[in-house]
Amino acid sequence: SQINQEEREFVDAVSRTFLPVSKRYAGWLNDSKNISQLTDMNLESIDVPTLVISAKDDNLAPHSWSEYLSGRIHGARLVTFETGGHVLLRHTDEVKELCRQFFGDTRTLSP
């Protein structure tokens with residue numbers, strides 16, 4: 001199935017924020033450092049409700065990372081999609097509903 005207009009606009013907007021890539025390099029390095037230290041983090045000490053949403057075909061943040069996080073954060077809820085990639089395309093409505101349920105007050109969520 002194809003992405004809807006809202007998802008197309010989202011992808012376009014996100015794509016524009018990445019350009020030029022050179023301005024994102026420091027952030028990418030920081031993310032890489034933190035991900036490489038994931039197993040050293042005291043995830044068991046997190047005591048707030050945690051929702052982890054992942055797609056098995058995400059090439060930027062492998063699903064195994066989501067499984068690892070949700071398995072170590074007490075009470076974390078893991079929701080997995082088979083497809084959707086890093087931005088969970090074709091699952092926008094489902095993700096919004098999951099967030100509404102998880103966070104409760106929908107007045108604070110973006111449309």
Side-chain angles (χ1 to χ4, degrees):
S1 76
Q2 295 183 358
I3 63 174
N4 63 34
Q5 184 62 31
E6 180 184 16
E7 291 173 321
R8 182 173 285 105
E9 290 171 5
F10 173 73
V11 169
D12 289 345
V14 168
S15 297
R16 285 191 300 276
T17 67
F18 283 107
L19 300 174
V21 174
S22 60
K23 290 187 176 185
R24 307 289 169 252
Y25 186 69
W28 176 82
L29 282 178
N30 184 62
D31 287 352
S32 296
K33 175 186 165 213
N34 287 324
I35 291 299
S36 69
Q37 297 174 359
L38 190 62
T39 57
D40 297 332
M41 294 180 186
N42 187 11
L43 300 171
E44 292 81 4
S45 69
I46 296 174
D47 62 357
V48 296
T50 304
L51 175 62
V52 180
I53 304 174
S54 178
K56 288 185 178 180
D57 67 349
D58 184 341
N59 291 324
L60 296 176
H63 179 64
S64 61
W65 295 353
S66 298
E67 292 176 318
Y68 180 83
L69 289 169
S70 64
R72 282 162 181 71
I73 298 172
H74 178 72
R77 178 176 177 202
L78 173 62
V79 176
T80 302
F81 294 103
E82 292 295 318
T83 63
H86 194 60
V87 294
L88 302 168
L89 290 177
R90 296 179 310 279
H91 298 289
T92 302
D93 292 338
E94 294 164 274
V95 170
K96 284 182 181 181
E97 183 57 29
L98 285 165
C99 290
R100 283 185 187 101
Q101 291 172 9
F102 189 79
F103 293 109
D105 187 352
T106 60
R107 292 174 293 175
T108 61
L109 293 177
S110 298

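Predicted model, so just to flag it, every value in this text is computed and none were measured.
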*side-chain hydrogen bond (donor to acceptor under 3.5 Å, both in side chains) partners of Thr50, counting only residues at least two apart*: none

Show which side-chain atoms of residues 41-49 pair as donor or acceptor with protein atoms under 3.5 Å away, not counting sequence neighbours.
from	atom 1	to	atom 2	distance (Å)
Ser45	OG	Asn42	O	2.7

*Shortest non-hydrogen separation from Glu6 to Lys96 and the atoms involved*: OE2-NZ, 2.6 Å

_Within this structure, what is the CG-NE2 distance for the pair Leu89 and His91, rounded to the nearest 0.5 Å?_
8.5 Å

*Partner residues of Gln5 under the side-chain hydrogen bond (donor to acceptor under 3.5 Å, both in side chains) criterion, sequence neighbours left out*: Glu9

*Which residue pairs satisfy the side chain to side chain donor-acceptor pair (under 3.5 Å) criterion with at least one member in residues 17-28, sequence neighbours excluded?*
none

_Set of residues satisfying side-chain contact (heavy atoms from CB on, under 4.5 Å) with respect to Asp12, sequence neighbours excluded_ = Arg8, Arg16

*Between Phe103 and Val95, is there a shared hydrophobic cluster once you connect ILVMFWY residues whose side-chain heavy atoms come closer than 4.5 Å?*
yes

*Is it true that Leu51 and Leu88 fall in one hydrophobic cluster, defined by side-chain heavy atoms closer than 4.5 Å?*
yes

*Apply side-chain hydrogen bond (donor to acceptor under 3.5 Å, both in side chains) to Ser66 and list each qualifying residue two or more places apart in sequence or on a separate chain.*
Ser54

*Under the ring pair (Phe, Tyr, Trp, His ring centres under 6.0 Å) rule, what pairs show up with a residue in residues 32-52, not counting sequence neighbours?*
none

Do any side-chain atoms of residues 76-87 form donor-acceptor pairs under 3.5 angstrom with protein atoms, and if so which ones, sequence neighbours left out?
from	atom 1	to	atom 2	distance (Å)
Glu82	OE2	Lys56	NZ	3.2
His86	ND1	Asp58	OD1	3.1
His86	ND1	Asp58	OD2	2.9

_I'd like to know if the side chain of Asn34 and the backbone of Asn30 have a donor-acceptor N/O pair within less than 3.5 Å._
yes

*For residues 37-77, pull every pair meeting ring pair (Phe, Tyr, Trp, His ring centres under 6.0 Å), keeping only residues two or more places apart or in separate chains.*
none

